[in-house]
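Data first, discussion second: the structure below is written as structure tokens.
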Amino acid sequence: MILNNLQWKKDEGGLMKKINFTLFIILFISTALTAQWKRVYGGSTNSFIIYQMVEHQGYIFAATNGAVIRSSDRGETWESTNTGGFGASIESDGSRLFAGLVFASGGSTLVYSDDNGTTWNPTNITQSQISEIRVINSGLMYAYSNFQKFYKSTDRGETWEEMTGLPFTYTYSIFVTRSGRILIDNYYSDDNGETWQQVSGSVNTRNYYTESDEGIWMGGSRLYFSNDNGDTYQQISSKQVLSLVAVGSIILKGTTGFEYSTDGGETFVEYNEGIHTIRKILSMIYDGENILIGLDGPGIYKIKAADLGISTSVEQIDLMADDFHLYQNYPNPFNPSTKITFSIPSNSHVRLTVYNIAGQEVVKLIDEEMNIGKYSVDFNASNLSSGVYFYKLQADQSIQMNKMILIK
């Protein structure tokens, strides 16, 4: 019945695409019915709260109600780091790691590490419950305390000053869009926080954000979507959303349970098989191969993305390559490597080039004839200095360009 309802666009080689997609559907049904989440951190007492998680230089770090913990094997095993308190937030600028603490025996509640969490350095912030830290760009960071205080740093988090005169007093999430717009609560800034504009209409308070190829997603008491970079939003669902992650058109949604979309948010699938106690999902990570979720009590669970039909197989790539598109590099900011993904709708001569902020060519990643499809290229910038760079995709007469930030 599923296959009979599919509509196919006629094109050269279309028969092979239909066969490949049919095989994909069969594989998805057979694997999804048996896929199980596996608990990789936690216990039977349901007392392990995972507030935030982040990838940093090959490790995964998590801020929990017991400690800031880390994993060197993609979340299979975990160990504590000695931050001097238990964690409420975690952030990376690519080379430096930051942790916000609920309280700290040493006095500093925002600390940073330059050796992957082995040792931690204090800052001048002593306000408790630092629940959010965000790298805005290479010269600016924000932090927030649950005692309704905002801070900023211009020296990579070594010293901080309190921000005053803001139109908002609290937040759950500080987010930076691909264009550089800062989103906090129901306000946005296009000038690094010098001025703020309020979002029109009735939307959430204390929001969570992510950005897919389709636009901005905002969670909270409800789920909203914006296709104009956060100027306006439309309500998608009345269900509470506590965490959001997007990569391309794949969207992961943490509610009281886990939901995901592979079609840009048109439809969501709920999947909680193997989770012993289904509770609120506060944090998530998707590394392209595995998905990790952090829950409010049961700890951390892990599943292979392919087991949910989230895959980057050749068949799926062919089917998605029906337009010319240059995706945002991931991760961004990065140090020193990032992945650039693009799609071309027909056989073309493709050039993918990186430029510095002065418009000078830095490296040409691709300059060759390529077939229709979706491709990913790894870009290593270990020989470049920190700063803003641009990458341009040209396929015959079509051109797109995006911005990326290298932070060392």
Self-check item: Worked verdict on R181 versus D231 for salt bridge (charged side-chain N to carboxylate O under 4.0 Å, His left out)
Solution: CA-CA 10 Å; R181 172 172 287 186; D231 285 343; 2.6 Å; yes
Is a salt bridge present between [X] and [Y], judged by a nitrogen-to-oxygen distance below 4.0 Å?
{"X": "R178", "Y": "D213", "result": "yes"}
{"X": "K392", "Y": "E361", "result": "no"}
{"X": "R351", "Y": "E368", "result": "no"}
{"X": "E158", "Y": "R156", "result": "no"}
{"X": "R96", "Y": "D114", "result": "yes"}

Just checking, any donor-acceptor pair under 3.5 angstrom between side chains of [X] and [Y]?
{"X": "Q129", "Y": "S131", "value": "no"}
{"X": "N207", "Y": "Y209", "value": "yes"}
{"X": "S376", "Y": "T341", "value": "yes"}
{"X": "E270", "Y": "N272", "value": "yes"}
{"X": "Q52", "Y": "E132", "value": "yes"}
{"X": "N329", "Y": "T338", "value": "yes"}
{"X": "E266", "Y": "S261", "value": "no"}
{"X": "D185", "Y": "T171", "value": "no"}

Can you tell if the side chain of [X] reaches within under 4.5 Å of the side chain of [Y], non-hydrogen atoms only?
{"X": "I293", "Y": "I275", "result": "yes"}
{"X": "I184", "Y": "F150", "result": "yes"}
{"X": "V40", "Y": "K38", "result": "yes"}
{"X": "M404", "Y": "V354", "result": "yes"}
{"X": "H349", "Y": "D367", "result": "yes"}
{"X": "L384", "Y": "L406", "result": "yes"}
{"X": "L242", "Y": "T255", "result": "no"}
{"X": "Y224", "Y": "T232", "result": "no"}

Exercise. May I have the step-by-step check of side chain to side chain contact (heavy atoms under 4.5 Å, CB included) for L244 and F175, ending in yes or no?
Key: CA-CA 11 Å; L244 284 164; F175 187 77; over 6 Å; no
Practice problem: Take S221 and N204 through the side chain to side chain donor-acceptor pair (under 3.5 Å) test and state the conclusion after the steps. | Solution: CA-CA 6 Å; S221 58; N204 295 321; 2.9 Å; yes
Quiz item: Where do V350 and I344 land on the side chain to side chain contact (heavy atoms under 4.5 Å, CB included) test, with the steps shown first?
Solution: CA-CA 9 Å; V350 175; I344 53 175; 3.8 Å; yes
Exercise. Look at the side chain of S108 and the backbone N and O of T123, then say whether any donor-acceptor pair between them is shorter than 3.5 Å.
Key: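 A pair under 3.5 Å: yes.
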Practice problem: Please confirm whether the backbone N or O of N116 pairs with a side-chain atom of R70, one donor and one acceptor, at under 3.5 Å? | Solution: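 Checked: pair present.
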Quiz prompt | Test log, rule salt bridge (charged side-chain N to carboxylate O under 4.0 Å, His left out), inputs K152 and E162 | solution = CA-CA 7 Å; K152 69 177 180 180; E162 186 175 350; over 6 Å; no
Quiz item: Ring centroid separation for F342 and Y375, is it under 6.0 angstrom?
Solution: yes
Self-check item: Residue pair Y271, E259: steps toward the side chain to side chain contact (heavy atoms under 4.5 Å, CB included) verdict
Solution: CA-CA 6 Å; Y271 202 83; E259 298 180 19; over 6 Å; no
Quiz item: Is the OH atom of Y172 crowded by more than 12 outside heavy atoms at less than 6.0 Å?
Solution: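 Not buried by this count: 12 neighbours or fewer within 6.0 Å.
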Quiz item: If you draw a 6.0 Å radius around CG in N82, do more than 12 non-hydrogen atoms from other residues or ligands fall strictly inside?
Solution: no
Quiz prompt | Chi angles and distances behind the side chain to side chain donor-acceptor pair (under 3.5 Å) call for S179, T177 | solution = CA-CA 5 Å; S179 68; T177 70; 2.9 Å; yes
Minimum heavy-atom separation for [X] and [Y], please, with both atom names.
{"X": "S128", "Y": "S145", "value": "O-OG, 2.7 Å"}
{"X": "S153", "Y": "T159", "value": "OG-O, 2.9 Å"}
{"X": "N121", "Y": "S113", "value": "ND2-CA, 4.5 Å"}
{"X": "L282", "Y": "S243", "value": "O-CB, 3.5 Å"}
{"X": "Q400", "Y": "L326", "value": "OE1-N, 2.9 Å"}
{"X": "R279", "Y": "D296", "value": "CD-O, 3.4 Å"}

Quiz item: Does K403 make a cation-pi contact with Y389 (under 6.0 Å, within 45 degrees of the axis)?
Solution: no
Exercise. Report yes or no: is the cationic atom of R206 (NZ for Lys, CZ for Arg) under 6.0 Å from the centre of the six-membered ring of Y170, at an angle within 45° of the ring normal?
Key: yes
Self-check item: Check against side chain to side chain contact (heavy atoms under 4.5 Å, CB included), Y327 and H325
Solution: CA-CA 6 Å; Y327 297 83; H325 192 75; 3.4 Å; yes
Would you call the rings of [X] and [Y] parallel, tilted or perpendicular, taking 30° and 60° as the class edges?
{"X": "F225", "Y": "W217", "value": "tilted"}
{"X": "F168", "Y": "Y187", "value": "tilted"}
{"X": "W196", "Y": "Y142", "value": "tilted"}
{"X": "H276", "Y": "Y301", "value": "tilted"}

Exercise. Could you please spell out the steps behind the ring pair (Phe, Tyr, Trp, His ring centres under 6.0 Å) verdict for F48 and Y41?
Key: CA-CA 8 Å; F48 298 86; Y41 182 81; 5.6 Å; yes
Quiz item: Hey, mind stepping through E214 and S249 against side chain to side chain donor-acceptor pair (under 3.5 Å) and telling me if it holds?
Solution: CA-CA 7 Å; E214 290 71 29; S249 290; 2.6 Å; yes
